[in-house]
Novice: 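So that we are looking at the same thing, I have put the structure below in structure tokens.
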Amino acid sequence: MMITVLSGGIGGAAFVRGLLDEVGDEAEVTVVGNTADDLWLFGLKVCPDLDTLMYTLGGGIDEERRWGRSDETWSVKEELAAYGAQPTWFGLGDRDVATHLVRTQMLQAGYPLSDVTRALCVRWQPGVTLLPMTDDRVETHVVVENEGQRRAIHFQEYWVRLRAAVPAHDVVMIGIEEAKPAPGVIEAVMDADVVLVPPSNPVVSVGPILAVAGVSDALRTTRAPVIGISPIIAGGAVRGMADQLLTALGVGVSAGAVGVRYGARKTGGVLDGWLVDTGDADQLGPLEEAGLVARAVPLYMSDAETTRTLAADALALAREVGVAR
Ligand code: FO1
């Protein structure tokens with residue numbers, strides 16, 4: 001069985017780990033990773049969501065932070081700060097810098113990001129095929145207001161330096177119009193038996209993937225059932241800043257509103273099914289009215305067992321929808 005997952009960083013990586021526990025070697029899993037979080041820092045290309053996926057699935061992640069490397073040290077960061085080098089707000093770990101050095105060296109030698117990602121995964125053996133959504137440069141910037149002046153700052157500055165503590169007035173994906181899907185991305189959606197949209201941030205993680213040319217059309221036409229999982233539980237984001245960003249886009253911060261925003265394939269959207277938390281069962285009505293097959297199951301991924309059960313629930317809904325279609 002071929003399963004394709006469209007994923008951001010932390011939440012998506014946790015879900016995929018549970019999915020791999022559930023399917024074992026019964027399925028080939030391809031993960032299309034968001035690259036709009038990426039940034040150039042001190043001449044190095046940092047790909048936070050690809051690295052979070054690679055480290056989490058390859059056993060190198062720091063389990064506390066859920067980003068960056070385990071057993072990390074920060075000498076490079078401290079030395080940069082000693083020089084007064086800006087920015088100082090982004091956590092560059094020494095082990096993590098090695099990943100960015102290898103990636104940057106390969107990019108400068110002319111390799112596309114998809115080749116670089118494949119090369120890095122030779123070491124980490126994540127147990128999935130990890131594809132960047134595109135080999136082209138895309139960067140999410142967030143429009144904030146400062147003393148009456150509106151300006152766009154990189155998503156990482158909004159999240160890491162400002163902790164999303166100021167309102168976002170808009171979210172823009174620089175370069176998305178020119179971005180082409182990376183090799184294998186469209187095929188991964190079209191040839192899948194199941195496509196899953198995990199509880200990643202719908203605005204800055206899944207949104208960019210859907211905005212890459214051809215991806216949403218592939219989701220609308222694939223024979224595979226497409227099942228999504230709400231990143232919002234009881235009106236709040238489980239982690240990160242999805243609430244601020246959904247509000248910026250005028251989307252309600254609820255499992256129902258996010259499901260309706262993705263939309264049902266039968267009405268031009270990208271999903272067949274949508275899982276909400278048991279506590280949000282009141283949202284099932286509007287979701288069904290919007291054409292989605294919606295179910296309420298425990299969504300909170302508190303440990304390996306609950307995450308594996310969530311993955312099993314998503315696959316069960318895929319089977320139910322697959323038969324129905
Ligand atoms: N998140 C933080 O909250 N603080 C950091 O200093 C930080 C550094 C960092 C370095 C490498 C990397 O791959 C991820 C990093 N993240 C950090 C997470 C990053 O902001 C992610 O893009 C978000 O967590 C959204 O996925």
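Remember, it's 1-based here, ligands and their atoms both numbered in the order they're listed.
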Novice: Note the single closest protein heavy atom to atom 17 (C) of ligand 1, along with its residue, its atom name and the distance in Å.
Specialist: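 I find the closest protein heavy atom is W67 CE2, 3.4 Å.
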Novice: Report the C-alpha distance between D272 and K266 in whole Å, list the side-chain angles of each, state the deciding distance to 0.1 Å, and finish with yes or no for salt bridge (charged side-chain N to carboxylate O under 4.0 Å, His left out).
Specialist: CA-CA 8 Å; D272 294 305; K266 62 178 76 161; over 6 Å; no
Novice: Counting only heavy atoms from other residues, nucleotides and ligands, does the tally under 6.0 Å from CZ of F42 exceed 12?
Specialist: yes
Novice: Distance under 4.0 Å to a non-hydrogen atom of F90: what atoms of ligand 1 satisfy this?
Specialist: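 Ligand 1 atoms under the 4.0 Å threshold to F90: 6 (O), 8 (C), 9 (C), 10 (C), 11 (C), 15 (C).
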Novice: Just distances here: any N/O of G91 and N/O of ligand 1 closer than 3.5 Å?
Specialist: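 Min N/O separation from ligand 1 is below 3.5 Å for G91.
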Novice: If we set the cut-off at 4.0 Å for heavy atoms, which region of E157 has an atom near ligand 1: side chain, backbone, both, or neither?
Specialist: neither
Novice: Check the surroundings of atom CZ in R220: do more than 12 heavy atoms from other residues, nucleotides or ligands lie under 6.0 Å from it?
Specialist: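 Yes, CZ of R220 has more than 12 neighbouring heavy atoms, counting only those of other groups under 6.0 Å.
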Novice: Tell me the contacting part of D96 for ligand 1: side chain, backbone, both, or neither, using a 4.0 Å heavy-atom threshold, strictly below.
Specialist: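 Just the side chain.
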Novice: Does a side-chain heavy-atom distance below 4.5 Å link L196 with I229?
Specialist: no
Novice: One residue to check: L92. Relative to ligand 1, which of side chain, backbone, both or neither has a non-hydrogen atom less than 4.0 Å away?
Specialist: neither
Novice: In the protein, what heavy atom is nearest to atom 13 (O) of ligand 1, and what distance, to one decimal place, separates them?
Specialist: P48 CA, 3.2 Å
Novice: Suppose I only count heavy atoms of I10 and a 4.0 Å limit; which atoms of ligand 1 are within that range?
Specialist: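 In order of number, 24 (O).
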Novice: Got a sec: does the CG of D303 have more than 12 other heavy atoms crowding it under 6.0 Å?
Specialist: yes
Novice: Any non-hydrogen atom of R66 lying under 4.0 Å from ligand 1?
Specialist: no
Novice: Output yes when the distance from some N or O of ligand 1 to some N or O of H100 is under 3.5 Å, and no in every other case.
Specialist: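 By distance alone, the answer is no.
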Novice: Number the atoms of ligand 1 from 1 as they appear, then name those within less than 4.0 Å of a heavy atom of R163, with their elements.
Specialist: 2 (C), 3 (O)
Novice: Please state which protein non-hydrogen atom is closest to atom 26 (O) of ligand 1 and give its distance, to 0.1 Å?
Specialist: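 So the nearest neighbour among protein heavy atoms is D49 OD1, 3.0 Å.
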Novice: Regarding D94 and K77, does a basic nitrogen lie under 4.0 Å from an acidic carboxylate oxygen?
Specialist: no
Novice: Tell me whether the NZ or CZ atom of R161 lies within the 45° cone about the ring axis of W159 and under 6.0 Å from its centre.
Specialist: no
Novice: For ligand 1, which is the ligand I care about here, please tell me if Q156 has any N or O atom under 3.5 Å from one of the ligand's N or O atoms.
Specialist: yes
Novice: Would you mind listing which atoms of ligand 1 come within a distance below 4.0 Å of any non-hydrogen atom of W159?
Specialist: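 Answer for ligand 1: 3 (O), 20 (O), 23 (C), 24 (O).
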Novice: Short N/O distance, under 3.5 Å, between D51 and ligand 1?
Specialist: no
Novice: So which protein heavy atom does atom 25 (C) of ligand 1 come closest to, and at what separation?
Specialist: D37 OD2, 3.6 Å
Novice: Can you tell whether the side chains of E22 and R17 come within less than 4.0 Å, N to carboxylate O?
Specialist: no
Novice: Do E63 and R69 meet the salt-bridge criterion of a basic N to acidic O distance under 4.0 Å?
Specialist: no
Novice: Check the angle between the aromatic planes of W124 and Y55 and answer parallel, tilted or perpendicular using the 30° and 60° thresholds.
Specialist: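 Taking Y55 first and then W124, their aromatic rings stand perpendicular (interplane angle over 60°).
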